[in-house]
Amino acid sequence: MRIPIIAGNWKMNKTVAESVAFVNQIKDHLPATDQVQTALAAPALSLVPMVQAASGSPLKIMAENCYFEDAGAFTGEVSPHALYQAGVHHVILGHSERRKIFGEDDEMINKKVVAALRNGLCPIVCCDDTMGRRVANDDKIHWVVGRILADLKGLTTDEIRKVTVAYEPDWAIGSGQSADPSQAEEGCYLIRQTICDMYGDDVANDVRILYGGSVTPDNVSALMAKNDIDGVLVGSDSLDPETFLKIVNH
Ligand code: PEP
């Protein structure tokens, strides 16, 4: 059985004090981890105090990014080894903002996925998708299939089971216009089929696939009712504790 994940992505928001206050406000109101796993991805500066604040609660604290080397002359980067040692055991990789604004490509994201796993981190790998590409159908293979083949290249069966994928159509992120549940299911299904082609049915049935893009307390239930949607990645509506709790406890 795939235990659903509901994960917030704060992006570059909140001070350290605000982050800790948020954790303290929600940590006693979360579902048991055998029902739903709850996680928050926060800016690097807030991670250690958030891990301390969340200690003993079901809440997992995630990084929003990391580098693909463990240590060295990489000014400004975040080490996957240091994250793990600090108690941060999950990391978002390949978010569409990292791809678009910071120029990360599939090759770099694949190296980051490998480095995260090598250091014991469980990655949530984001797979974008644009309306333009869907309408034009101009790729030889569907965009989503190409992303998954490239970003997850070379992982062992044990490693792929530790990966979560988040299907995030570009046009739905931060737009207030969520994909409807059948569109979201179509993307998540395609990702699962691609993992099935790479690793077989058993593995594909174990890997969790999330939907992300304008998830709210009003649309979360319909999205998560779909077969291949094992949870959600939430941006804007994870910034307010009460709204986030409504999504988690929908
Ligand atoms: C995101 O940035 O991953 C995201 C899903 O954002 P939002 O919920 O604001 O669309």
Side-chain angles (χ1 to χ4, degrees), residues 4-14 18-19 22 26 36-44 46-47 59-66 88 90-104 106 109 112-113 116 121-132 134 143-144 147-148 151 163-181 183-188 191 208-224 226 228-250:
I5 302 178
I6 296 188
N9 173 20
W10 283 352
K11 315 189 182 192
M12 198 177 72
N13 289 297
K14 297 195 188 292
E18 288 165 349
S19 307
F22 189 112
I26 69 163
V36 174
Q37 290 173 355
T38 312
L40 279 176
S46 293
L47 293 174
L59 182 64
K60 301 271 178 250
I61 305 302
M62 309 194 293
E64 296 178 6
N65 183 33
C66 70
V88 178
H90 299 77
V91 59
I92 296 178
L93 294 173
H95 190 278
S96 70
E97 287 150 19
R98 298 295 320 167
R99 296 180 193 261
K100 272 195 271 185
I101 303 171
F102 301 101
E104 293 189 9
D106 288 324
I109 290 157
K112 290 184 173 199
V113 172
L121 300 174
C122 298
I124 294 187
V125 180
C126 297
C127 177
D128 58 354
D129 191 7
T130 79
M131 189 72 99
R134 282 183 159 235
W143 182 257
V144 164
R147 277 280 194 248
I148 296 301
D151 295 350
V163 171
T164 298
V165 180
Y167 172 64
E168 298 212 306
D170 300 29
W171 47 271
I173 296 180
S175 65
Q177 188 204 340
S178 171
D180 69 38
Q183 280 173 314
E185 167 66 10
E186 193 191 344
C188 294
I191 290 170
R208 286 176 292 183
I209 302 174
L210 315 183
Y211 164 77
S214 299
V215 173
T216 68
D218 294 333
N219 61 24
V220 63
S221 300
L223 288 161
M224 285 183 58
K226 292 292 183 186
D228 289 294
I229 302 181
D230 306 315
V232 286
L233 185 56
V234 187
S236 315
D237 273 13
S238 69
L239 289 170
D240 172 69
E242 283 178 18
T243 310
F244 186 59
L245 279 178
K246 278 189 196 152
I247 293 176
V248 170
N249 294 310
H250 66 275

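Heavy atoms only: backbone and side chains are in, while hydrogens, waters and symmetry mates are out. Source: prediction; values computed, not measured. Positions are given from 1 along the sequence. Remember, it's 1-based here, ligands and their atoms both numbered in the order they're listed.
- Two residues are said to be in side-chain contact when any heavy atoms from C-beta on lie closer than 4.5 Å; H95 and I124 fail this criterion.
- Ligand 1 lies within reach of A172, whose nearest heavy atom is under 4.0 Å from it.
- Of all protein heavy atoms, the one closest to atom 8 (O) of ligand 1 is G235 N, 2.7 Å.
- Close approach to S236 involves these atoms of ligand 1, each under 4.0 Å from a residue heavy atom: 7 (P), 8 (O), 9 (O).
- Here the side chain of S214 pairs a donor or acceptor atom with the backbone of A172 at under 3.5 angstrom.
- Heavy-atom contacts of G174 reach the following atoms of ligand 1: 7 (P), 9 (O), 10 (O) (cutoff under 4.0 Å).
- Every salt bridge (charged side-chain N to carboxylate O under 4.0 Å, His left out) that E104 has, sequence neighbours left out, goes to R98, K112.
- No N or O atom of I173 sits closer than 3.5 Å to an N or O atom of ligand 1.
- The ligand atoms of ligand 1 that sit less than 4.0 angstrom from a heavy atom of N9 are 2 (O), 3 (O).
- With hydrogens and angles ignored, the 3.5 Å screen pairs no side-chain donor or acceptor of S46 with any backbone N or O of A42.
- Distances below 4.0 Å separate heavy atoms of S214 from the following atoms of ligand 1: 7 (P), 8 (O), 10 (O).
- Here the side chain of E168 pairs no donor or acceptor atom with the backbone of C126 at under 3.5 angstrom.
- For the pair K11 and E97, the salt-bridge criterion is met [side-chain N within less than 4.0 Å of a carboxylate O].
- Below 3.5 Å of separation, one finds an N or O of H95 facing an N or O of ligand 1.
- Every atom of ligand 1 is numbered from 1 in the order shown, and the set under 4.0 Å from a heavy atom of G213 is 5 (C), 10 (O).
- Protein heavy atom closest to atom 2 (O) of ligand 1, with residue, atom name and distance, is K11 NZ, 2.5 Å.
- Taking the six-membered ring for Trp and thresholds of 30 and 60 degrees, F244 and F22 have ring planes inclined between 30 and 60 degrees apart.
- Using modelled atom types and a 3.5 Å distance limit, the side chains of D128 and W143 yield a donor-acceptor pair.
- Which parts of ligand 1 touch E168 is read off a 4.0 Å heavy-atom cut-off, strictly below it: atoms 1 (C), 3 (O), 4 (C), 5 (C).
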